[in-house]
Amino acid sequence: MTISRSFCRFCPALCGIQVRHDEGRILSVRGDPEHPISKGYTCPKGRSLGDFHHHPGRLRSPRIVHGRRQVDTSWEECLTDLADILQEVTREVGPSGVALFSATAAAFDANGRRQAVRLLRRIGSRSLYTTASVDTPCRPLVAELVAGHPALAPAIDQADARCTLIIGMNPVVSHGHTSAMPNPRGRLRELASRGPLIVADPQRTETAQMATLHLRPRPGTDHVWLAHVVRELLTEGADWEDLESSATNVDELLAAVEPFDRDVAVAATGIPGEDLDTALSAIRAAGRVSLSAGTGLTMSPTATAAEWMAWALLGVTGSLDRRGGVWFNPGFLRQMDRRAWEPVRTTGPGPASRPELPSRMGEMPCAALADEIEEGNVRVLLVAGGNPLTSLPEVARLRAVLPKLDALAVCDVQETATVRQATHVLPVAGQLERADLPHFVDQFLPVVGSQYTEAVIAPPGDARAMWWVFARLGQLLGHELIDTADGTLGDVLDEDLLRPLAERSRGSFEQLREAGTAVVADEAVHGWVRQRVAPGGRFDLAPSQLVDTLALGAPTIGSELGPGTLLLTPRRQLRQLNSQLAEEGTSDGQHETPAVRLHPDDAARANLSEGQPVVVTSAWGAWSGPLTLTTDVLPGTLSLPHGFDGASNVGELTSGRFGVDPNSGMVTQSGLAVTVSSAPAEAP
Ligand SMILES: Nc1nc2c(c(=O)[nH]1)N[C@H]1C(S)=C(S)[C@@H](COP(=O)(O)OP(=O)(O)OC[C@H]3O[C@@H](n4cnc5c(=O)[nH]c(N)nc54)[C@H](O)[C@@H]3O)O[C@H]1N2
Ligand SMILES: Nc1nc2c(c(=O)[nH]1)N[C@H]1C(S)=C(S)[C@@H](COP(=O)(O)OP(=O)(O)OC[C@H]3O[C@@H](n4cnc5c(=O)[nH]c(N)nc54)[C@H](O)[C@@H]3O)O[C@H]1N2
Ligand code: SF4
Ligand SMILES: [Mo]
């Protein structure tokens with residue numbers, strides 16, 4: 001029996017773990033008490049990594065479709081067949097006929113993700129799709145316009161915040177969005193002990209219950225109450241001297257927020273005026289605010305305006321990139337604070353079938369993927385660490401167009417809804433089966449730190465590292481992604497590819513490897529965005545492209561359903577990570593159900609009772625599952641989790657065609673109009 005130290009790669013908290021294993025089997029996983037960031041904390045998902053790796057649905061052999069069945073095959077046969085299809089498609093429709101969907105699990109596989117994207121670029125394809133465009137595309141858009149670069153995400157200064165604002169995020173369950181929180185309850189308790197902790201969420205979540213003030217806006221109205229607070233601060237108490245030197249377009253901002261007086265804000269948001277006053281005085285008294293917004297903000301139809309208003313509030317309070325306000329973690333590995341910066345505009349033309357939507361940072365919006373397949377523009381879809389059939393909108397339509405593809409090649413560790421539709425199944429190494437570095441995620445940590453891990457066990461059967469799959473496919477297409485002495489990939493180790501990433505970082509590869517746990521840099525990292533990134537050292541608080549997004553209320557997407565509608569809000573559940581662990585649950589024997597949560601008053605109006613099967617209907621589809629009644633849900637709304645396949649797939653309710661934000665390309669996943677009714681009795 002051996003105990004290895006590693007870190008969990010389900011979510012950006014990246015908790016340090018100790019893995020007990022014997023002869024290639026994981027016996028148990030527990031939190032590493034010596035870990036400098038997570039300090040022994042883990043959640044049930046991390047502790048389930050053993051069962052996750054040894055799951056009966058684990059993929060062990062490449063498969064290729066023959067007729068209607070997938071049959072086991074060899075890597076060479078599988079990848080040669082795939083390469084032939086790629087070549088044919090490229091010849092017929094050009095390189096962008098090959099698309100890559102790089103998703104959640106790829107973000108945690110430094111080598112795998114890198115080689116997947118490199119292959120797509122070598123082929124010359126523009127068809128890169130990532131989960132960013134169904135998660136948070138307003139964030140890079142607004143960061144680019146306000147601060148000059150899309151890769152900037154304002155994060156809570158967990159060490160020094162004196163007044164904290166959390167908007168549409170439930171870190172007690174999610175462990176944070178772009179501000180990761182290992183041990184969230186401990187961290188929130190500490191933040192609340194230092195000053196006001198204001199949580200804005202329609203639902204009384206686990207996080208809202210820890211707040212000193214809970215604002216309950218109607219879904220999609222965060223921009224309104226934020227604009228009101230910005231207006232009041234600009235009218236009274238703003239430090240104009242500081243604003244003149246650190247911001248531009250402040251007069252334009254003032255003009256834009258001028259209509260948002262207290263009455264307007266109360267009427268649009270449903271937040272009692274006294275609560276707005278309390279929030280305003282708390283922020284005024286503190287001077288500076290620390291803020292982080294989650295998917296409750298980014299998934300609503302007004303997300304772009306709300307994200308802008310969040311930046312505006314930070315700008316007006318002098319909180320951007322300053323201690324006690326928000327900071328921008330430059331990443332230990334990418335050390336963005338030490339690079340040369342040019343202000344960039346990364347918005348470009350979108351996909352041919354949806355010219356009204358933008359591409360950003362070289363990525364196409366997922367809202368358009370089904371159209372691109374339907375029109376024959378995308379004919380091969382490579383999936384890296386994602387499950388599009390449980391994560392993309394209008395899933396019935398996506399499912400219907402997938403058979404039009406010449407190939408659907410899926411790199412995954414498990415049998416999933418998407419793997420079942422694949423023409424090529426590519427079994428890859430799971431998180432504890434590869435050496436790794438959190439190359440794209442360490443900048444979400446609450447400190448500047450990173451970690452190297454060795455592989456703890458070997459992958460099962462014929463499963464191989466994802467980087468190898470793309471590198472070998474590249475070779476078959478005539479693209480050498482990896483320099484090797486003799487052209488064979490067999491001798492290349494994970495760590496050979498990780499070493500150069502670590503050498504370009506704040507530390508050295510040897511330092512990271514020898515630490516055996518996270519390495520934390522103890523230096524100040526405030527001010528670099530202001531000094532090096534923001535054009536002229538100033539933030540544009542009212543970019544012209546955003547000014548028109550600020551509306552007095554919120555549009556209801558799908559309101560053609562008529563009266564009696566409720567607004568859908570999304571929520572995460574502790575024992576699943578999107579679709580991962582959703583079916584099997586965690587090792588403590590518990591698993592999440594796809595229940596819809598509803599306020600008892602709304603249930604009474606619809607004659608519904610606790611536990612009964614119900615149908616939720618949107619203008620585009622229907623969801624069914626059990627009903628849970630709770631006064632924690634704001635009347636007029638309901639709360640649904642995502643990540644389930646089958647009848648309880650929330651992707652049945654959303655649309656990739658209607659309610660898509662033309663600025664960001666985002667699908668409306670919060671604030672969608674739905675109705676709820678009792679499920680028809682099953683036929684005998
Ligand atoms: N356990 C677990 N953790 C996860 C995941 C998971 O599936 N399970 N997924 C991971 C991923 S991919 C992500 S992106 C992050 C997301 O992390 P979070 O953004 O924290 O996601 P949620 O926990 O769903 O919290 C969103 C909150 O927004 C609220 N909300 C909905 N609409 C609105 C609105 O209009 N305004 C406001 N103010 N609030 C609103 C919801 O009620 C909900 O409480 O979590 C990550 N962590
Ligand atoms: N309506 C609605 N839709 C949503 C959301 C919502 O709240 N509401 N949330 C959105 C958000 S924020 C996101 S991020 C997306 C999530 O969308 P996805 O990223 O597509 O969802 P996951 O279920 O996390 O998919 C991860 C896949 O990777 C596989 N996997 C696990 N480990 C590994 C590994 O080591 N290597 C590889 N190659 N694969 C592995 C898992 O088995 C799983 O199939 O969904 C989005 N869709
Ligand atoms: S919070 Fe849970 S899922 Fe996230 S890294 Fe920690 S143990 Fe893993
Ligand atoms: Mo996400």
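Counting starts at 1 for both ligands and their atoms, in listed order.
- Residue-ligand proximity: A200 is placed with a non-hydrogen atom under 4.0 Å from ligand 1.
- Residue R572 has at least one nitrogen or oxygen atom sitting less than 3.5 Å from a nitrogen or oxygen atom of ligand 1, judged on distance alone.
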For the pair R262 and D277, evaluate salt bridge (charged side-chain N to carboxylate O under 4.0 Å, His left out) and give the outcome as yes or no after the intermediate values. CA-CA 9 Å; R262 190 174 185 272; D277 300 343; 2.7 Å; yes
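- Residue contacts with ligand 1 do not include L297, since none of its heavy atoms lies under 4.0 Å from the ligand.
- Proximity to G294 (heavy-atom distance under 4.0 Å) selects the following atoms of ligand 1: 19 (O).
- The closest non-hydrogen atom to atom 44 (O) of ligand 1, taken over D201, N578, V199, comes from D201.
- No N or O atom of C11 sits closer than 3.5 Å to an N or O atom of ligand 1.
- For H175 and F10, the distance between ring centers is not under 6.0 angstrom.
- Distance from atom 35 (O) of ligand 1 to its nearest protein heavy atom, with residue and atom name: G220 N, 2.8 Å.
- Side-chain contact, S290 with D157: no donor N or O sits under 3.5 Å from an acceptor N or O.
- Nearest protein neighbour of atom 6 (C) of ligand 1, counting heavy atoms only, is Q576 O, 3.4 Å.
- Side-chain contact between T675 and T565: present, with at least one pair of heavy atoms (C-beta onward) separated by less than 4.5 Å.
- A donor-acceptor pair shorter than 3.5 Å can be found between the side chains of N387 and S579.
- Looking only at atom types and distance, the side chain of T269 has no donor-acceptor partner in the side chain of T221 under 3.5 Å away.
- Ligand 1 has an N or O atom lying under 3.5 Å from an N or O atom of S174, backbone or side chain.
- Any N or O atom pair closer than 3.5 Å counts here, and Q573 shares at least one such pair with ligand 1.
- The side chain to side chain donor-acceptor pair (under 3.5 Å) test with H177 is passed by exactly one of T136, T295, D135: D135.
- Heavy atoms from both the backbone and the side chain of P570 come within less than 4.0 Å of ligand 1.
- Of all the listed residues (P202, G176, A132), P202 holds the heavy atom that lies closest to atom 39 (N) of ligand 1.
- Close approach to Q203 involves these atoms of ligand 1, each under 4.0 Å from a residue heavy atom: 42 (O).
- Among all protein heavy atoms, the one lying closest to atom 26 (C) of ligand 1 is G168 O, 3.3 Å.
- A heavy-atom distance below 4.5 Å is not found between the side chains of T593 and T628.
- Checking only distances, N170 does come within under 3.5 Å of ligand 1, N or O to N or O.
- Atoms of ligand 1 lying under 4.0 Å from at least one heavy atom of T205, given by number and element, are 44 (O).
- When non-hydrogen atoms are compared, ligand 1 lies under 4.0 Å from the side chain of D222 (C-beta onward) but not from its backbone.
- The pair D588-R575 meets the salt-bridge criterion, with a side-chain N (NZ, NE, NH1 or NH2) lying under 4.0 Å from an Asp/Glu carboxylate O.
- Contact annotation: the side chain of P388 approaches that of L398 to within less than 4.5 Å [non-hydrogen atoms, C-beta and beyond].
- In summary, the side chains of R47 and T42 do present a donor paired with an acceptor at a separation below 3.5 Å, with no hydrogens or angles considered.
- Remark: ligand 1 and K45 share an N or O pair separated by less than 3.5 Å (distance only, no angle test).
- At least one N or O atom of T295 sits closer than 3.5 Å to an N or O atom of ligand 1.
- Between E34 and T517 the shortest side-chain heavy-atom distance does not fall below 4.5 Å.
- Inspection of the T569 and Q203 side chains reveals an N or O donor paired with an N or O acceptor under 3.5 Å.
- Regarding atom 4 (C) of ligand 1, its nearest protein heavy-atom neighbour is L577 CD2, 3.5 Å.
- In terms of N/O distances under 3.5 Å, ligand 1 is not approached by P217.
- Not a single donor-acceptor pair under 3.5 Å links the side chain of S359 to the backbone N or O of M364.
- Of all protein heavy atoms, the one lying nearest to atom 14 (S) of ligand 1 is D135 OD2, 3.0 Å.
- Side-chain contact of S639 with R571: a donor-acceptor pair under 3.5 Å is present, judged by distance alone.
- Residues S300 and T302 have side chains that bring a donor and an acceptor to within less than 3.5 angstrom of each other.
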Could you give me the CA-CA distance, side-chain angles and deciding distance for E584 and F52, then say whether side chain to side chain contact (heavy atoms under 4.5 Å, CB included) is met? CA-CA 9 Å; E584 68 266 37; F52 184 71; 4.1 Å; yes
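- Shortest contact from atom 34 (C) of ligand 1 to any protein heavy atom: G296 O, 3.2 Å.
- Take a cut-off of 2.8 Å around atom 4 (Fe) of ligand 3: the protein N, O or S atoms inside it are C11 SG.
- Heavy atoms of S670 found under 4.0 angstrom from ligand 1 belong exclusively to the side chain.
- For R597 and D632, the salt-bridge test fails: no basic side-chain N is under 4.0 Å from an acidic carboxylate O.
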